[in-house]
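Note sheet for the following structure.
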Amino acid sequence: MTFERRDLDGFFIDGALRPPTSTDRVEVVHPANEEIVGSVPRSTPEDMTAAATAARRAFDEGPWPRTSPAERAEMLTAIADGLEKRLDELAYLSTAQNGMPIMLSRQSQGIELLRFYADVANDFPWEERRQGLSGAGLVRRTPVGVAGLIVPWNAPSLLMNKLPAALVAGCTTVVKPSPETPLDTYLLAEVLQEVGLPPGVVNIVAGDAVVGQHLVDDPRVDKISFTGSTAAGQKIMASLAGRIGRVSLELGGKSASILLDDAPLEAALPATMAGSCLNNGQACIALSRVLAPRSRYDEVVATLAAMVGSLPVGDPFDETTFVGPVLNARQRDRALSYIEIGKSEGARVVAGGGAVPDRDKGFWVQPTVLADVSNDMRVAQEEIFAAVISVIPYDDGDDAAVAMANDSRYGLSGAVWSADPQRALDVARKIRTGTITVNGFTYDIGLPFGGFKQSGIGREWGLEGLEAYLEYQTINLPQGL
Ligand code: NAD
């Protein structure tokens, strides 16, 4: 597919592209070569107000919350079909915007989540008659109302972790993509128009944190579901406290790949490397800490260093590329400064360790392995958001590994490896993270996903992901009804 620059106008509000209130524009830059791949209007708080107004009206007066779950499921399926037809285009736009390797972009559109929640809708107990202590009641699962969905730039599927569940619940929505990655959502808007989603059910205004905060502060928005940094999540949660606004947060991580002393390294290390370099290391679930028993530490460091050091880094449009560029100069400089921080704390660079040489355009960080890291160093505690892996030795058995894995303000993801799966499972049970895989690095949209501690609140995926967009209503029934 040849890529044509896309210069788009307006915001998708109330079922159509509406003219922006500002004449300023935001250019979208391809991270591999800094070419401008498109532009969109710069949004203002007024644009966001218009979106929230449309969503509120659609919830209070429109058909969507009053359609049957089966009708909503049908609509989700039609959206999935519409997006699937344009998968190549979507993947291309994703890679153009954020440098995600094209192979991954194709798998990261989240279309399967539309199909999953369409299936869930048909079987879900939306309304149940239940016997209480003094009589019968009707327990109803009703939509939470207008949901503001705020997503970062690192993966298109992050919006699909929210939108299908919100829609199937009967919510209306305002979607706020990052200013760095707005282009693919115009394509989504086209599909929503094609399939005839009622106006105002999905409104899309890409914008910066000021525009996002305006959405958070709008009292007509009942729920905010946010994915991004812990710092922004803290601010959003505090802002919602005043009106007891509902909130789900999917935040950062500093997840551990825990190698027990009998770990099968031939499986564990390639999977750990893939998990830590996923999406150029820009993934909240990245396995950015590797905990290795002292007895096998040298072997782990040498093997990981050799593997990571020989990873192909290159053009994200190349089908064979596993690591592409990072998003922008800010992300690159942040990663490089963390590598320097690590060195100053006593870490030893055994692979990578700097900008990719011979690239004068684009934003490149070598996949990097830091050895001799201790768990109290900043590189072991803070989210770097690039392919920078800290390898940390532990002594004194599995409990020491558990304590080290849990010694983090985050609790999102992880993996634990042993030749004895039962032993690994015993360790997994003690890890305070929302997801952890025994002898693998697996994610399954049919099962709940989310964070402990400062990695977030609430769950996406699975039935729990739908609960995030529901309010329970109990109607106490008189005798005879
Ligand atoms: P961010 O948290 O600042 O922004 C994420 C999204 O939230 C963007 O759409 C942004 O415009 C919006 N936003 C920010 N502040 C807001 C506010 N107060 N109210 C409403 N919306 C707001 O993330 P970033 O600036 O894109 O990246 C900074 C760091 O965040 C990264 O280096 C990384 O560590 C982390 N991050 C984590 C994830 C994740 O999936 N956990 C994703 C992206 C970034």
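Numbering of ligands and ligand atoms starts at 1, following listing order.
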>> Tell me which one of Ser413, Pro270, Ser276 satisfies side chain to side chain contact (heavy atoms under 4.5 Å, CB included) with Phe441.
In response: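 Passing option: Ser413.
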
>> Looking at Arg25 and Asp9, is there a salt bridge between them, counting it only when a charged N and a carboxylate O are closer than 4.0 Å?
In response: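 Between Arg25 and Asp9 there is a salt bridge, with a charged N closer than 4.0 Å to a carboxylate O.
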
> Taking atom CD of Glu35 as the centre, does the number of heavy atoms from other residues, nucleotides or ligands within less than 6.0 Å exceed 12?
Replying inline: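 No - once you tally the heavy atoms of other residues, nucleotides and ligands closer than 6.0 Å, there are 12 at most.
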
> Name the residues with a heavy atom less than 4.0 Å from ligand 1?
Replying inline: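 Contacts of ligand 1 under 4.0 Å: Ile150, Val151, Pro152, Trp153, Asn154, Lys176, Ser178, Gly207, Asp208, Ala209, Gly212, Gln213, Val216, Phe226, Thr227, Gly228, Ser229, Ala232, Ile236, Leu251, Gly252, Cys284, Arg330, Gln331, Arg334, Glu383, Phe385.
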
Give the table of side-chain donor-acceptor pairs shorter than 3.5 Å for residues 108-117, with sequence neighbours excluded, one pair per line with atom names and distance.
residue	atom	partner	partner atom	Å
Ser108	OG	Leu104	O	2.7
Gln109	NE2	Ser94	OG	3.0
Gln109	NE2	Ser105	O	3.0
Arg115	NH1	Asp81	OD1	3.0
Arg115	NH2	Asp81	OD1	2.9
Arg115	NH2	Glu84	OE2	3.1
Tyr117	OH	Trp461	N	3.3
Tyr117	OH	Gly462	N	3.3
Tyr117	OH	Gly462	O	2.8

Side-chain donor-acceptor contacts of residues 312-322 below 3.5 Å, not counting sequence neighbours, with atom names and distances?
residue	atom	partner	partner atom	Å
Asp315	OD1	Phe317	N	2.8
Asp318	OD1	Thr320	N	2.9
Asp318	OD1	Thr320	OG1	2.9
Glu319	OE1	Arg106	NH1	3.3
Glu319	OE2	Arg106	NH2	2.8
Thr321	OG1	Asp315	O	2.8

> Partners of Phe12 by ring-ring contact (aromatic ring centres under 6.0 Å, His included), sequence neighbours excluded?
Replying inline: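 ring-ring contact (aromatic ring centres under 6.0 Å, His included) list for Phe12, sorted by chain: empty.
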
